[in-house]
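Read through the structure below, which is laid out as structure tokens, and then see the notes.
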Amino acid sequence: MSEQSKYPVNLLDTPFPMRGDLARREPGFLQRWQDQKLYQRIRAAAQGRPKFILHDGPPYANGDIHIGHAVNKVLKDIIVKTKTLSGFDAPYVPGWDCHGLPIEHQIEKLVKGDKKAIEAAPAIHAKIVAFRKENGLDEKATHLPVDFVRTLCREYAEIQIERQKKDFVRLGVIGDWAHPYKTMAFETEANIIRTLGEVHRQGYLVKGQKPVHWCVDCGSSLAEAEVEYEDKNSPAIDVAFPVKDTAALAAAFGLPADRIAGVPAYAVIWTTTPWTLPANRAVCVHPELTYDLVETPKGLLILVRELAEGAIKRYGFESVEVVAQAHGSKLEHLKLQHPFYERESFIILGNHVTTDAGTGLVHTAPAHGLDDWLVGQHYGLSDENPVGNDGRFKPGVALFEGKSVWEGNPLIIENLAASELLLANVRLNHSYPHCWRHKTPIIFRATAQWFISMEKPGHAGQALRAVAQKAVDDTEFFPDWGRPRLESMINNRPDWCVSRQRNWGTPMTFFAHKVTGDLHPRSLELLEAVAKRVETGGINAWFALDPAELLGDEAKDYDKLNDTLDVWFDSGSTHFAVLRQRPELAWPADLYLEGSDQHRGWFQSSLLTGCATQGRAPYKQLLTHGFTVDGKGEKMSKSKGNVVAPQKVIDQYGADMLRLWAASTDYSGEMSISDEILKRVADSYRRARNTLRFLLANLSDFNAATDAIAVDQMLTLDRYALVMAQQFQDAVTADYGRYSFHTAMQSVHHYCADDLGGFYLDILKDRLYTTAANSPARRSAQTALYHITRSLALLLAPVLSFTADEVWNTLEGNSDDNTLLHTWYTLPQPADAAALARDWSAVRSVVAQAKKEMEVLREAGNIGSSLQAELTITADAQLYPLLAALGDDLKFILIVSSLSLVSGDETRVSVSPATAAKCERCWHYRSDVGSHAEHGSLCGRCVSNLFGTGEVRKHA
């Protein structure tokens, strides 16, 4: 018989495995949660609690989720779960953004037979093929009925939603997945229309012609958030505008008229968009800048003083003379000649003119630029737009009719060179707005559009900008830098162009007078009638509507608008369309949480619709997370091969590992992820899991109902362990409360590695393994472990949702229970908790000092484990009574076989190798090993614990 079986220790097992094997086992947890109807049970358990509403910013229903989507959903899930555990009713309704060009574009590709599109959506393509056949259309016909195209868009979005939903659920995100909101749901479409009606009711909706971002490929205006800036190589040209009245020029510069009589003079502009010159109406100068009148071989040139030298060098002139100077304000109304049309232009003033580059004189085309348009409004300039929706010059535009704007560039340059008005022509790489979908350069062009005005006072008397500025002031930001970013965007943003010329979108359900363009005087009444139809028939109910059904004889005088709404209006209206309509939710939301790009997107569109309809933001707090980048901090791209797909991470490591990475990373900046980083996270998880396994194994023979010890009867160390657990729980819940997840995870790591693994559990092993199974000393330790494990499982649940559920079920032996059906654990606390925290801080400093001294002997090869050491501790007057009160327990706390405590002037520790024999059971070196003849290899303590009354720990 072996010594181990003859003299057993309390080494217990647990069904909680050492290896998590998360990738394989997590789907089983998901199925159990689904079978248990966990989300519905959480809602039932939370009834009557105060609400906390995190409103889901809807991802777009197109394509598989990427790592940024995963981060976003995990952070939201962590917050919802922490709020649930904190005692709130925190329902989570996920949503999807469904309308808009990307889906319409995918259907267009399917209709045109794009192979990749067909591979991605074979069922939709099959419907297209069948439709052509059933309707006798050519098999390659691309012009299909619009209502059929909308039906395809809807079906395509549904397929994408199901794909994304599966991945989100796999992440362990708990929510009402059976009833998500979709912007294409009939009821939601109707409520988006009602939101538009309320904006109109409040007086903020206006019609006007204004330059907007226009994508030629989309054939539509773009929202600010749909524009991204990329490098573009463009012609940069200097163009001379002839001055028509040299006498007026002389007067402006304070010269006698005869000084420059007969000398040709030019106002010189610099532009990187030659194609906008056909729309030129003026040249703008800054009223406070100083302009030089420079005599050159070409004639007299007007240039701003700061840029004149560089410009002259660019033109290749060597001999020049500055004949006069004048402030820009003196040049106002100076008449100029358009460089290639028989049309007068003139100099105007504008504060947007800078000396960053060029000549300090800005070519002004109100049809092609917002600054140009604004200053043009002041001077009454025409904003007639010579460029059509297709990006080509309209019929009747002399010289360039039918040419695309990009084809127009070289033609215009050629024309200017022929007339000797081109002073310089170089190529320039510069940042230029591109369509985020097509990745192609966009243009600015004035079109008739509908806007939500930022400056026009609404019916309540305030401009929307002022209302929005106050709303930003009233919002709490995480992190703080989100506030100035959103403030700046609200302060500087132009009117919001909300109309689009597309098919797959929420319609602007208005009737406009055919002559005046005014909306029908009963617009709001009619809008509600349409909204009710959309509730039952979707947006096709509007597009198929005969105006006479609602207008009767008036129909002959009114046009039905064909415009659709900007998709950012769709998602920005969900606070009304969803939060105010679903009974389990509430308005305003407590929190919106999205990536940092949403300051210009959803955060802003939601703010503006909330302010325009309700006079405040639809949220109380905004949380912003950074973008995901690779381990080197570089942006992920397929071409670089550095994309980390969440599906791959889950298949390799499990969702809990991805969740732990997201929670452990400071989301306020860029979030780095790579295989190496994930391996480090996996190591951290394994250490935590080992701690949990130790706890559970040592509780496998413990029944809290019958075996627990009252707090005041527990050993001092165990009472202190409860104090540590409470301090840990307070720190973690406080971090959760301020959304500081990475510091919460740092606390978890420190607690498991240091307070538990490096201190308490290390000390406890001897008592757990060697004392009698049912002894008060062992049950005291198990009581503490039981409370610690319950607390720790709940604290881990928001992040390690699968693992925490596994811990809970192992501990409670109840697979029908779940951490999320509870609130933070109420840890029992000793009456002297404050004193214990203070005293044990001092004790732990002695432990640290002793370990340091023992390590010196270990490195010298004089001892192996700490049990091979004998200690003498000299304690000062303050520390001595504290250590003496621990009695014989002090050596167990220091994990040594023998210890002497003496009083002295200062605290010091001396260490020497043990000289006694080693007990084969507890491994302590004791003088009484072999004192019992029949148990010669055991010490007296083990003999008592196995065959006698058991050792007594007097410090209870």
Side-chain angles (χ1 to χ4, degrees), residues 82 85-87 691 695 704 708-738 740 743-744 746-764 767 776-777 779-796 823-851 873 875-895 901 903 906-907 953-956:
T82 59
L85 287 158
S86 297
T691 300
L695 294 170
I709 300 290
V711 174
D712 61 356
Q713 296 299 308
M714 293 169 68
L715 269 65
T716 307
L717 176 62
D718 300 329
R719 296 204 306 275
Y720 170 59
L722 292 179
V723 174
M724 282 197 298
Q726 186 65 60
Q727 291 174 333
F728 166 63
Q729 179 167 296
D730 290 345
V732 172
T733 55
D735 283 337
Y736 280 151
R738 55 180 170 260
S740 185
T743 55
Q746 288 168 6
S747 294
V748 168
H749 176 79
H750 172 79
Y751 182 67
C752 290
D754 297 338
D755 290 339
L756 292 182
F759 177 68
Y760 181 57
L761 300 184
D762 204 21
I763 296 168
L764 224 54
R767 190 167 13 134
R779 293 307 192 196
S780 173
Q782 288 180 306
T783 300
L785 294 185
Y786 174 76
H787 294 307
I788 288 169
T789 306
R790 283 176 67 90
S791 170
L792 185 55
L794 293 174
L795 291 170
L796 291 175
T823 53
W824 302 129
Y825 188 58
T826 302
L827 282 155
Q829 289 295 289
D832 58 343
L836 283 169
R838 181 188 64 244
D839 293 346
W840 276 90
S841 177
V843 172
R844 291 182 71 170
S845 68
V846 175
V847 172
Q849 187 176 352
K851 284 185 175 181
I873 297 179
D876 60 27
Q878 185 176 0
L879 190 59
Y880 181 82
L882 181 61
L883 299 179
L886 295 172
D888 206 35
D889 270 6
L890 184 56
K891 70 178 182 182
F892 294 111
I893 292 165
L894 289 160
I895 317 178
L901 177 67
S903 178
E906 61 179 4
T907 300
R953 298 290 182 94
K954 66 178 181 178
H955 296 287

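None of the values given here were measured: they were computed from a predicted structure. Values reported hereafter were calculated over all heavy atoms of this structure, with side chains retained and with hydrogens, waters and symmetry mates removed.
One distance of note links OG1 of Thr82 with CG of Leu795; it measures 11.0 Å at 0.5 Å rounding. Separating the OG1 atom in Thr733 from the CG atom in Leu794 is a distance of 11.5 Å, to the nearest 0.5 Å. Note that CZ of Phe892 is 12.0 Å distant from CG of Leu717, once rounded to the nearest 0.5 Å. Distance CD/Gln782 to OG1/Thr789: 10.5 Å, rounded to 0.5 Å. To the nearest 0.5 Å, atoms CD1 (Ile788) and CG (Leu722) are separated by 6.0 Å. Here the straight-line distance linking atom CG of Leu879 with atom OG1 of Thr907 works out to 4.5 Å at 0.5 Å rounding.
In terms of heavy-atom proximity, Met714 sits nearest to Arg719 at O-NH1, 2.8 Å. Between Ile709 and Ser780, the shortest heavy-atom contact is CG1-N, 3.7 Å. Closest non-hydrogen pair, Leu836 versus Pro830, comes out as CD1-CG, 3.5 Å. Between His787 and Leu827, the shortest heavy-atom distance links the atoms O-CD2, 3.6 Å. Asp762 approaches Gly757 most closely through the heavy-atom pair CB-O, 3.6 Å. Contact detail for Asp735 and Ser747: the closest heavy-atom pair is OD2-OG, 4.0 Å.
Of the possible donor and acceptor atoms, one in the side chain of Thr783 sits under 3.5 Å from a partner among the backbone N and O of Arg779. Within the 3.5 Å criterion, the main-chain N or O of Ala781 finds a donor-acceptor partner in the side chain of Asp718. No donor-acceptor distance shorter than 3.5 angstrom exists from the side chain of Ser841 to the backbone of Arg838, with no hydrogens or angles considered.
When Trp824, Tyr751, Tyr825, Tyr760 are each tested for a ring-ring contact (aromatic ring centres under 6.0 Å, His included) with Phe728, only one passes: Tyr751.
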Problem set entry | Step-by-step side-chain contact (heavy atoms from CB on, under 4.5 Å) determination, Thr716 to Trp840 | CA-CA 10 Å; Thr716 307; Trp840 276 90; 3.5 Å; yes
Problem set entry | Verdict with supporting geometry, Leu764 and Leu785, side-chain contact (heavy atoms from CB on, under 4.5 Å) | CA-CA 10 Å; Leu764 224 54; Leu785 294 185; 3.8 Å; yes
For this session: Could you go through the side-chain contact (heavy atoms from CB on, under 4.5 Å) check for Leu894 and Ile873 one step at a time?
Result: CA-CA 11 Å; Leu894 289 160; Ile873 297 179; 3.4 Å; yes
Exercise. Under the side-chain contact (heavy atoms from CB on, under 4.5 Å) criterion, do Leu882 and Val843 qualify, and how do the steps go?
Worked result: CA-CA 8 Å; Leu882 181 61; Val843 172; 4.1 Å; yes
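The closest side-chain heavy-atom distance from Phe759 to Met724 is below 4.5 Å. With a 4.5 Å cut-off on side-chain heavy atoms, Val847 and Ile895 do not count as touching.
Under a 4.0 Å N-O distance rule, the pair Asp889/Arg767 does not qualify as a salt bridge.
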